[in-house]
Amino acid sequence: MMDTVSAMSPAALSSSTLLLTAILLSCADGKTESVYWKNKQLNLHVISRLNPAEKKNGELSNDPITFNTNLMGYPDRPGWLRYIQRTPYSDGVLYGSPTFESVGKPTVIEITAYNRRTFETARHNLILNIMSAEDFPLPYQAEFFIKNMNVEEMLASEILGDFLGAVKNVWQPERLNAINITSALDRGGRVPLPINDMKEGVYVMVGADVPFSSCLKEVENPQNQLRCSQEMEPAISCDKKFRAQFNIDWCKISLVDKTKQVLFAQEVVHGEGILPDAGEYRPPSEALKSRDYYADFLITLAVPSAVAIVLFAILGYIMCCRREGIIQLVHHSAIQKSTKELRDMSNNREIAWPLSTLPVFHPVTGEMVPPLHTDNYDNTNMPLMQTQQTMPHQTQIPQQQNAGKWYP
């Protein structure tokens with residue numbers, strides 16, 4: 001199974017970029033290999049899934065192999081070290097720019113290979129010896145965002161060499177190094193749609209020993225800043241030197257001049273939100289006095305209960321003991337009693353029909369008219385006022401018609 005890493009240096013990527021390639025071999029498990037990296041510049045380590053014996057014989061294995069990397073004794077890698085492997089059929093790449101705190105400290109990375117067809121596993125230890133690169137400071141740093149590249153494509157020696165060559169033609173420095181490479185996904189970017197061969201994008205930071213060229217400073221002029229705020233492409237004179245191979249988003253370029261960053265040593269004043277240095281934290285001893293929470297419980301429960309009882313008492317007094325409440329109850333009882341009497345009277349209407357509702361004499365003849373209803377007539381539903389209808393002993397009064405021609 002693949003478990004041994006061997007380092008080899010390819011053709012010069014640039015005068016300062018350290019490129020280390022490792023191949024996982026089919027040898028005994030538990031091998032250890034040491035490589036040398038430098039801080040403040042890009043370093044990478046390629047983990048190949050091919051066996052050198054297979055390369056010589058021309059027989060290439062197509063087994064799906066995945067690699068897991070972690071710092072020895074920890075579940076993950078250091079924060080500055082990144083790893084990428086797109087598919088089980090592609091090589092893995094360790095890359096990153098070591099920090100100043102890692103200089104002089106050997107960093108042991110465990111590489112675990114897993115064959116998904118045969119279920120074989122193997123582990124190899126890779127020791128990264130971090131060396132300082134302070135002999136050649138690069139105070140002028142520029143970060144470019146390349147939209148048409150993925151991080152593994154940019155890590156290839158040919159692609160990265162072409163990009164550094166284009167930057168060198170624009171910048172014209174004496175020393176130019178690739179400091180770091182970061183995928184756009186690690187900066188909060190979105191995964192691109194799988195259409196039209198869209199790329200994730202990659203941030204590439206380079207450093208030089210001379211100030212920025214006039215072309216790079218064109219991004220900072222007000223016209224281009226306004227165009228960037230309106231999501232328009234800024235007008236950069238040197239963009240044509242990159243456009244043939246690299247699609248750069250000039251609105252996301254970052255220029256950092258470390259010569260203007262002056263660090264002021266500020267004295268720490270205690271009492272302004274800064275705690276004094278008391279050394280290591282010492283937890284309290286187990287011999288602490290137990291606290292009685294009974295009184296707190298009573299206060300928490302008794303006070304709301306007393307307030308609730310007082311409120312209920314006041315509400316009961318207002319509803320039951322106040323005179324206004326008694327008068328309202330008596331009035332309501334009187335209304336109910338009157339309603340009941342009216343209902344009883346409507347069910348027993350045996351009294352004579354009111355004389356005011358009967359005609360006293362005939363409107364034409366003057367004769368007396370007998371009552372309209374007999375004594376046994378159910379007058380419960382009789383309306384108070386009579387409707388106009390044809391009654392006995394009622395003479396129809398002829399109406400005068402207008403003279404004129406009659407039409408059938």
Side-chain angles (χ1 to χ4, degrees), residues 2 5-25 33-52 54-56 60 67 69 77 80-87 89-98 109 111 126 128-131 133 136 138 141-171 173-184 186 197 199-208 241-248:
M2 303 180 180
V5 176
S6 62
M8 60 180 179
S9 58
L13 175 63
S14 65
S15 60
S16 58
T17 303
L18 181 62
L19 177 63
L20 299 173
T21 306
I23 301 178
L24 216 59
L25 307 177
E33 185 71 19
S34 297
V35 294
Y36 293 90
W37 283 10
K38 289 186 178 181
N39 72 322
K40 294 186 177 181
Q41 65 181 21
L42 177 64
N43 303 268
L44 61 90
H45 193 87
V46 181
I47 306 175
S48 177
R49 51 189 301 277
L50 300 180
N51 192 334
E54 295 176 349
K55 287 185 177 182
K56 294 180 180 179
L60 301 180
F67 303 98
T69 60
R77 300 173 299 276
W80 53 267
L81 184 61
R82 301 184 183 277
Y83 172 75
I84 185 171
Q85 183 185 13
R86 288 291 178 181
T87 64
Y89 299 95
S90 60
D91 297 338
V93 181
L94 279 170
Y95 65 98
S97 179
I109 304 297
I111 303 176
L126 177 65
L128 303 178
N129 299 300
I130 311 301
M131 299 182 300
F136 304 99
L138 303 174
Q141 299 177 2
E143 187 178 54
F144 300 85
F145 178 62
I146 306 175
K147 297 187 291 185
N148 63 333
M149 288 287 175
N150 290 333
V151 62
E152 68 274 9
E153 298 173 348
M154 200 66 197
L155 289 172
S157 58
E158 299 83 3
I159 303 298
L160 185 57
D162 294 342
F163 179 74
L164 292 178
V167 174
K168 192 171 184 179
N169 293 334
V170 174
W171 201 338
E174 295 182 4
R175 294 183 57 85
L176 181 69
N177 290 348
I179 298 178
N180 199 3
I181 291 180
T182 307
S183 174
D186 298 331
D197 196 21
K199 304 293 183 178
E200 297 173 356
V202 60
Y203 290 89
V204 181
M205 177 175 287
V206 298
K241 296 184 179 180
F242 297 91
R243 183 66 63 177
Q245 190 175 1
F246 305 100
N247 186 8
I248 297 179

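Numbers here are sequence positions counted from 1.
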>> How close do Asp91 and Ser48 get, counting heavy atoms only, and between which atoms?
In response: OD1-CA, 3.5 Å
> Does a sphere of radius 6.0 Å around NZ in Lys168 hold more than 12 heavy atoms from other residues, nucleotides or ligands, not counting ones at 6.0 Å or beyond?
Replying inline: no
> Passes side-chain contact (heavy atoms from CB on, under 4.5 Å), Ile47 versus Val93? Steps please.
Replying inline: CA-CA 6 Å; Ile47 306 175; Val93 181; over 6 Å; no
>> Using the rule given for side-chain contact (heavy atoms from CB on, under 4.5 Å), can you reason through Leu176 versus Val167, listing the C-alpha separation, both sets of side-chain angles and the distance that settles it, and then say yes or no?
In response: CA-CA 9 Å; Leu176 181 69; Val167 174; 4.1 Å; yes
> Heavy-atom distance under 4.5 Å between the side chains of Val151 and Tyr95, does that happen here?
Replying inline: yes
> Can you tell if the side chain of Phe242 reaches within under 4.5 Å of the side chain of Asn247, non-hydrogen atoms only?
Replying inline: no
>> Can you tell me how far apart CG (Asn43) and CD (Gln41) are? Round to the nearest 0.5 Å.
In response: 5.5 Å
> How many angstroms lie between CZ in Phe67 and CD1 in Ile84, if you round to the nearest 0.5 Å?
Replying inline: 14.0 Å
> Less than 4.5 Å apart, any side-chain heavy atom of Val202 and any of Ser183?
Replying inline: no
> Where is the tightest heavy-atom contact between Pro98 and Asn39, given as atom of each residue plus distance?
Replying inline: O-CB, 3.3 Å
> Which atom names give the shortest non-hydrogen contact between Leu138 and Gly207, and what distance separates them?
Replying inline: CD1-O, 3.8 Å
>> Counting C-beta onward and ignoring hydrogens, is there a side-chain heavy-atom pair between Phe145 and Val204 closer than 4.5 Å?
In response: no
>> Within this structure, what is the CD1-CG distance for the pair Ile146 and Asn150, rounded to the nearest 0.5 Å?
In response: 11.5 Å
> Less than 4.5 Å apart, any side-chain heavy atom of Gln141 and any of Ile179?
Replying inline: yes
> Heavy-atom distance under 4.5 Å between the side chains of Met154 and Leu160, does that happen here?
Replying inline: yes
> Quick one: are the ring centres of Phe246 and Phe163 less than 6.0 Å apart?
Replying inline: yes
> Passes side-chain contact (heavy atoms from CB on, under 4.5 Å), Leu94 versus Arg82? Steps please.
Replying inline: CA-CA 6 Å; Leu94 279 170; Arg82 301 184 183 277; over 6 Å; no
> Could you give the distance from CG (Asn148) to CG (Asp197), rounded to the nearest 0.5 Å?
Replying inline: 9.5 Å
>> Using a strict threshold of under 4.0 Å (side-chain N to carboxylate O), is an ion pair present between Lys199 and Glu152?
In response: no
> Nearest 0.5 Å, what's the CG-OG distance between Asp162 and Ser157?
Replying inline: 9.5 Å
> When you look at Leu155 and Ile181, which way does the side-chain contact (heavy atoms from CB on, under 4.5 Å) test go after all the steps?
Replying inline: CA-CA 8 Å; Leu155 289 172; Ile181 291 180; 3.8 Å; yes
> Is the His45 ring parallel, tilted or perpendicular to the Trp37 ring (thresholds 30°, 60°)?
Replying inline: tilted
> What distance separates Trp80 CH2 from Asn180 CG, expressed to the nearest 0.5 Å?
Replying inline: 10.5 Å
> Any side-chain heavy atom of Ile248 sitting closer than 4.5 Å to one from Lys147?
Replying inline: no
> Can you find a pair of side-chain heavy atoms, one from Ser97 and one from Leu42, that are under 4.5 Å apart?
Replying inline: no
